[in-house]
Amino acid sequence: MEMLQNQKSRAATLALAAVAAFGVAMSAGPAFADDPKGGVVIDVNAKRGLYPIAVPISPVGDAAAAKEIATVTSFDLSVASVFKVLDPQSFLADLKAEGIGIDPQKWKDVGAFGVVKYKITATDVEFRLYEVSKGTNASLTKTYSRKDNPRLIAHRWCNDVVKFYTGEPGFFGSKIAFTAKGKGTSKIYAMDFDGANPYAISNNSSTNILPAWSPSGQLAYTSFMRNNPDLYVTGGGGGRPKKLSGQRGMNTGAAWSPDGSKLALTLSKDGNPEIYIINASDGSIVKRITNDKSIDTSPAWSPDGSKLAFVSDRSGGPQIFVVSSSGGAATQVSFNGTYNTTPTWSPRAGAQLIAYTTRAGGVYDIVTLDLASKTMTRITQNQGSNEEPSFSPNGRAIAFARAGQGVFIANADGTGSAVKVWNGSATGVDWGPSP
Amino acid sequence: MSFKDSELHLVAAIGATVVSVALSVPVVLLAGSGGDKPDGPPLENMEAIEASIAYKKAPAKQPQKQTRQPDPVATPDSIARTDDKITDAKCCTTRADCGAVKLAFGTDCGSGLKCERHQCVKDKPDKPDDTKDPLSNVPDRRDPDEQPGKPTTEVGDFNDNARGFAETTKGDEYSQQLAADFNDAFEYPKVLSASGSVVGCLHVLADGKIAKYKIDTKSGDDTLDDAMERALKAIEKLRNEHPKPVPTYLLKAITTQWRCFKTKSLEQQR
């Protein structure tokens, strides 16, 4: 009897539980949880951003070299104006287990679109670039001899990565020249674009200013070593300079033509500073470009060599003008403010983009001006006094001097923040050719 | 038990007395308490409560269906009105004038009319009354349920059809929020290019959580399809952690259909 009661009680409990479960299921379940039948489509405009890429340190092999390669690679890619290098602390992958391969999902989970892996052996460094969406097969593989130092190897790899994505050469391994003031002197220095390996170009106790790289890697600069501001040319590694232009008065602000056969510069041999073109081989004058009672200085070649931008005060204050490299009438192109100087032309083929120094409110800033669209883009703002811009060889970055702080590089499209690559006195910045 | 008449009268009298006493004693007591020494706070310390005077409600009516006024009869401007002003009566104002039209001097038009060129016309023209409501001439909508403004459904707009296409700014506000979340989540590197479009869809539940997502149409570009999947996954995570319940009136529309996002062609931005 007791057993029967227990069974009845259990049956009742089960029935209640079933009813309750049914009730819960009916009430908790979404009203329309079935698979949707149709759909509503919304057009969206995708944001276009930097390419998220991960550069983990290789856990095997020469640890010091592995760390240096990861550090240099991360820096290079972060200033290429294409990539966003991810913070290694976020990585979820088991690097040892992965080796030189990847587990795509692990990298997807941290937001990486690309992953750089490398393996250091006694003789080589093998690099692989993975595109996470394409799975475990590497999209790019390169091997470099360890005869070169890890820094140079990393620069070369990064140039290959940039070329893979953009079809353009990178600027990693290129050099930047600048003037640094000493006690009563100014010296010309050069360094890797990232500030590594600085060295002196000029070796005299006089004033040396305005360095200019040739397309082949020579350096022209103005020196007062023989009392007159004459133009000298030396090798990119320094050495004894050769006087190229020693006209009476100023021989300053030289700029090499894109083919390296000529230089444009300011001469004041007739009293008034004017723009001239001279032969790179012997310094002979090819043509006088300007003939105006005002001061004309700071010439810069267009990438095709057909035009020159320069500074003139013919309209009052210093402004940027453009003139044909065969001479003729000059056209004013800068109209913002009353003080615009030191133009430099983007080397990108067909580019109509000029960067220059502009003064507003007593502060100097770097801007770019698209001559075709008249669009101005600010490269610096509220960050000290910035002067003398110079484009990277591929035109994606701009180097400039910040007064009292050093040399910085920034994306030429105005995105991101400027990165300091040289800490100390610096003026007259000029970015050298591709390595 | 039975009573005689006299006994009945006596009982009735005693009862009446008892009832009278019972009713009058509290009245006397209450009257006494409100006399010389009032209890409770003085009047000036008491809280004042305003009460409105009760009024008789108008009898409730069921909502009445509005009947449309007949369309106004369009009448041509000025001409018809001028015609209306002229009457058949003849008139004259001066003796010479009356002689000229062979009417007796003093043949006037009467009140409200005046004489113009020997014709009686209404004294005041029917000018439109500027003091009237300027909207009074706006015709009533034929359909009382019709919404004002331009029609909102144009061909191809966000119209809840199975494959309608729309800008993100169109559609219901819930879908707009969803599209905004998607735009935040979806990113495609500018250094890459993709000529195709990818369509990714979400299934939103009534409580605002995401039941599932899918790639509806692949673009043929692995990275673009991957970017879509990442975005959908990000929204799924976001909405499951911070669900936004679907408004009741959108429940059916939102939860029984996929909400899909279609990317436009993405050229490389060098």
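Per chain, numbering begins at 1; letters A, B, ... match sequence-line order. Source: prediction; values computed, not measured.
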Quick check for you: among A/Ser81, A/Pro52, A/Ala112, which has the greatest number of heavy-atom pairs under 4.5 Å with chain B?
A/Ala112
Best-contacting candidate, B/Leu178, B/Leu224, B/Thr223, against chain A by heavy atom pairs under 4.5 angstrom:
B/Thr223
What residue in B/Phe261, B/Tyr188, B/Phe186, B/Phe182 has the most heavy-atom pairs under 4.5 Å with chain A?
B/Tyr188
Ion pair B/Glu229/B/Lys233, N-O distance below 4.0 Å:
no
Among A/Phe408, A/Phe171, A/Phe391, which residue meets the ring-ring contact (aromatic ring centres under 6.0 Å, His included) test with A/Trp431?
A/Phe171
Electrostatic pair A/Asp160:A/Arg156 at N-O distance under 4.0 angstrom:
no
Take the angle between the ring planes of A/Phe172 and A/Phe193 and call it parallel below 30°, perpendicular above 60°, tilted in between.
tilted
